[in-house]
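Worth knowing before you read on, the calculation uses all heavy atoms, side chains too, and leaves out hydrogens, waters and symmetry mates. Order of appearance sets the numbers: ligands from 1, and atoms from 1 within every ligand. Since we're looking at a predicted model, the values are computed, not measured.
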Amino acid sequence: MRLFVSGGCGFVGSSLVKQAVINGSHVFNMDMRNTAQIAPQLAEVKGKKNYSQLIGNVTDSVMLSALLKEFKPDAFIHCAGGLSEKHGTPSLQGAEATIGVLEAVKTYYKSLDETAQKKFKLVIPFNTLIYGSLNGSVAEFDTNTPLSTTSITAARAVMDLVLVNGWSAETKIPVIYAGASAIYGPNQNSDALIPSVLKAAVKQTSISPDRAYDTLDWLHVDDFADGLLAAAKSGKNGHTYLFSGRSERRHIDITTNVLMILDGVYPRNDHQSYKVLLHDAPQSQTAPLRCALSPIKAETDLNWYAKNNLLMGLRETVIWNMQKLAPKFTVQTNKAANSNFSASGLAAE
Ligand SMILES: Cc1cn([C@H]2C[C@H](O)[C@@H](COP(=O)(O)OP(=O)(O)O[C@H]3O[C@H](CO)[C@@H](O)[C@H](O)[C@H]3O)O2)c(=O)[nH]c1=O
């Protein structure tokens, strides 16, 4: 596959760029990050014959369409859009990037012959915050769930998709939508839940996770990347796929798990659990949100299955973050903490 990725130096993009290059696809990554910020996780693919990278912004649709004409991708995965999970902050920058991508893809698509047009896939990752919250009577969101704009958070998450939907309807260029709920793993931004809990634990400051009782559907970033690649390879144009590891957890549960893992790998000098730092967060004014996704369509149509177990993935994420937060960090074996962890109900998968 010849794959063009926007935002391929970011959290989601770098995971998929790495997988695609290693699997032998020809990948072109365009990202606006300057050289100093270029994701170190891409070091192992840099210099490979099937990988090219350009520092530039996809909002420049003229440059982007020239690159597409030259590279001739069969698929485009847009990771520089509005996927980000920050609550309440409109991702205007992401929307601008999406407009640039849509303009350039339109020019490129129109230049293709009919066979190449049929083959071409534009994959748009999205955050399933756009579905709002499950109520008691519905077990899971599925690919027939309508978009919800009953909150600022949902409207923010939907902004990008509204643009893409309108563009696709007007231009008749089909799109594949790929949704996930809470993505976690190494290389995530430091303001996401897990890195910020660890930062506070290392500083020994009070921990009270934001929207502690919201339940999300947690998925390892490599599994989501794998899903995006499966959608680009064998997804049907015009269809939506949802990716879930069937790991519904509240923010408070993830926080507790992370602190218990930390007890095991980086025990406190006073041998107390990091959980002593955990304090009740002020109640949110809105009811807790609950999200669970049905991955059945992705499993059936794309033969995609989540490979990462949540607890193993959290452990890997804790260790990755700790190596950045405490440069002399080495994994300790605190037998007492580890056995408490596995004896607890939280640890059971
Ligand atoms: C808006 C814009 C972005 N970019 C690039 C910069 C980044 O390298 C990349 C986006 O990567 P990140 O900022 O890591 O975002 P992304 O991979 O979507 O991950 C976000 O969304 C995830 C899923 O909700 C969260 O779990 C992450 O915490 C959050 O960072 O896109 C551009 O090149 N041009 C642009 O105009």
Side-chain angles (χ1 to χ4, degrees), residues 4-19 28-42 53-61 63-64 67 76-104 123-131 153-154 156-161 163 178-199 210 214 216-225 227-228 242-245 251 254 289 291 293 313-314 317 320-321:
F4 198 104
V5 181
S6 65
C9 294
F11 173 50
V12 172
S14 61
S15 171
L16 88 85
V17 162
K18 226 162 74 174
Q19 283 192 45
F28 196 111
N29 170 13
M30 184 171 178
D31 194 295
M32 68 179 179
R33 289 195 183 185
N34 64 40
T35 332
Q37 295 170 302
I38 288 285
Q41 66 272 26
L42 290 178
Q53 179 178 289
L54 183 81
I55 298 158
N57 204 342
V58 290
T59 50
D60 184 347
S61 62
M63 172 162 75
L64 181 55
L67 285 169
F76 188 123
I77 305 184
H78 177 41
C79 294
L83 191 64
S84 170
E85 71 190 358
K86 272 188 220 147
H87 291 271
T89 357
S91 175
L92 293 175
Q93 227 190 344
E96 271 180 47
T98 301
I99 293 171
V101 165
L102 297 178
E103 277 299 311
V123 179
I124 303 289
F126 70 95
N127 190 312
T128 53
L129 277 171
I130 61 156
Y131 292 151
T153 309
R156 204 210 120 266
V158 95
M159 197 157 56
D160 239 37
L161 283 207
L163 281 170
S181 168
I183 310 162
Y184 74 96
N187 304 305
Q188 191 164 23
N189 283 352
S190 58
D191 55 5
L193 177 68
I194 299 171
S196 44
V197 165
L198 289 167
K199 218 182 324 165
D210 199 21
D214 279 6
L216 297 180
D217 191 329
W218 291 77
L219 182 70
H220 193 286
V221 66
D222 291 345
D223 284 323
F224 188 42
L228 293 173
L242 297 180
F243 299 94
S244 152
H251 284 165
I254 295 291
L289 179 141
C291 174
L293 306 175
L314 288 180
T317 309
W320 184 87
N321 278 283

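Among the atoms of Gly56, none of the N or O lies under 3.5 angstrom from an N or O of ligand 1. Residue-to-ligand polar distances place Met32 within reach of ligand 1: an N/O pair is separated by less than 3.5 Å. Considering backbone and side-chain atoms alike, Asn189 places an N or O below 3.5 Å from some N or O of ligand 1.
Interface atoms of ligand 1 facing Val12, defined by a heavy-atom separation under 4.0 Å, are 17 (O). Residue Ala97 has at least one heavy-atom neighbour below 4.0 Å for each of these atoms of ligand 1: 35 (C), 36 (O). Every atom of ligand 1 with a heavy atom of Asn127 under 4.0 Å away is listed here by number and element: 24 (O). Distances below 4.0 Å separate heavy atoms of Gln188 from the following atoms of ligand 1: 25 (C), 26 (O), 27 (C), 28 (O). The Gly7 neighbourhood of ligand 1 comprises atoms 5 (C), 9 (C), 31 (O), with distances under 4.0 Å to a heavy atom of that residue. Near Arg33, with a cut-off below 4.0 Å to any heavy atom, the atoms of ligand 1 are 7 (C), 8 (O), 14 (O). Proximity to Cys9 (heavy-atom distance under 4.0 Å) selects the following atoms of ligand 1: 8 (O). Atoms of ligand 1 found under 4.0 Å from any heavy atom of Phe11 (numbered from 1 in listed order, with element): 11 (O), 12 (P), 14 (O), 17 (O), 19 (O), 26 (O), 27 (C).
The closest non-hydrogen atom to atom 5 (C) of ligand 1, taken over Asp31, Thr128, Val101, Thr98, comes from Asp31.
Side-chain atoms of Asp31 never come within 3.5 Å of backbone atoms of Ile55 as a donor-acceptor pair (strictly under, hydrogens ignored). At distances below 3.5 Å, at least one donor-acceptor pair connects side-chain atoms of Asn127 with backbone N or O atoms of Leu129.
With values rounded to the nearest 0.5 angstrom, Ile194 atom CD1 is found 9.5 Å from His251 atom NE2. Distance check, rounded to the nearest 0.5 Å: CD1 of Ile254 to CG of Leu216 gives 9.0 Å. Here OG1 of Thr59 is found 3.5 Å from CG of Asn57. Values are rounded to the nearest 0.5 Å. Here Ser181 contributes atom OG and Leu219 contributes atom CG; the two are 9.0 Å apart, rounded to the nearest 0.5 Å. Atom CD of residue Gln188 and atom CG of residue Leu193 lie 8.5 Å apart, to the nearest 0.5 angstrom.
The side chain to side chain contact (heavy atoms under 4.5 Å, CB included) check on Ile99 picks up Leu163, with sequence neighbours excluded. Applying the side chain to side chain contact (heavy atoms under 4.5 Å, CB included) rule to Ala225 yields the partners Ser15, Leu16, Gln19; only residues at least two apart in sequence or on another chain are considered.
With a 4.0 Å cut-off on non-hydrogen atoms, Cys79 touches ligand 1 through its backbone and not its side chain.
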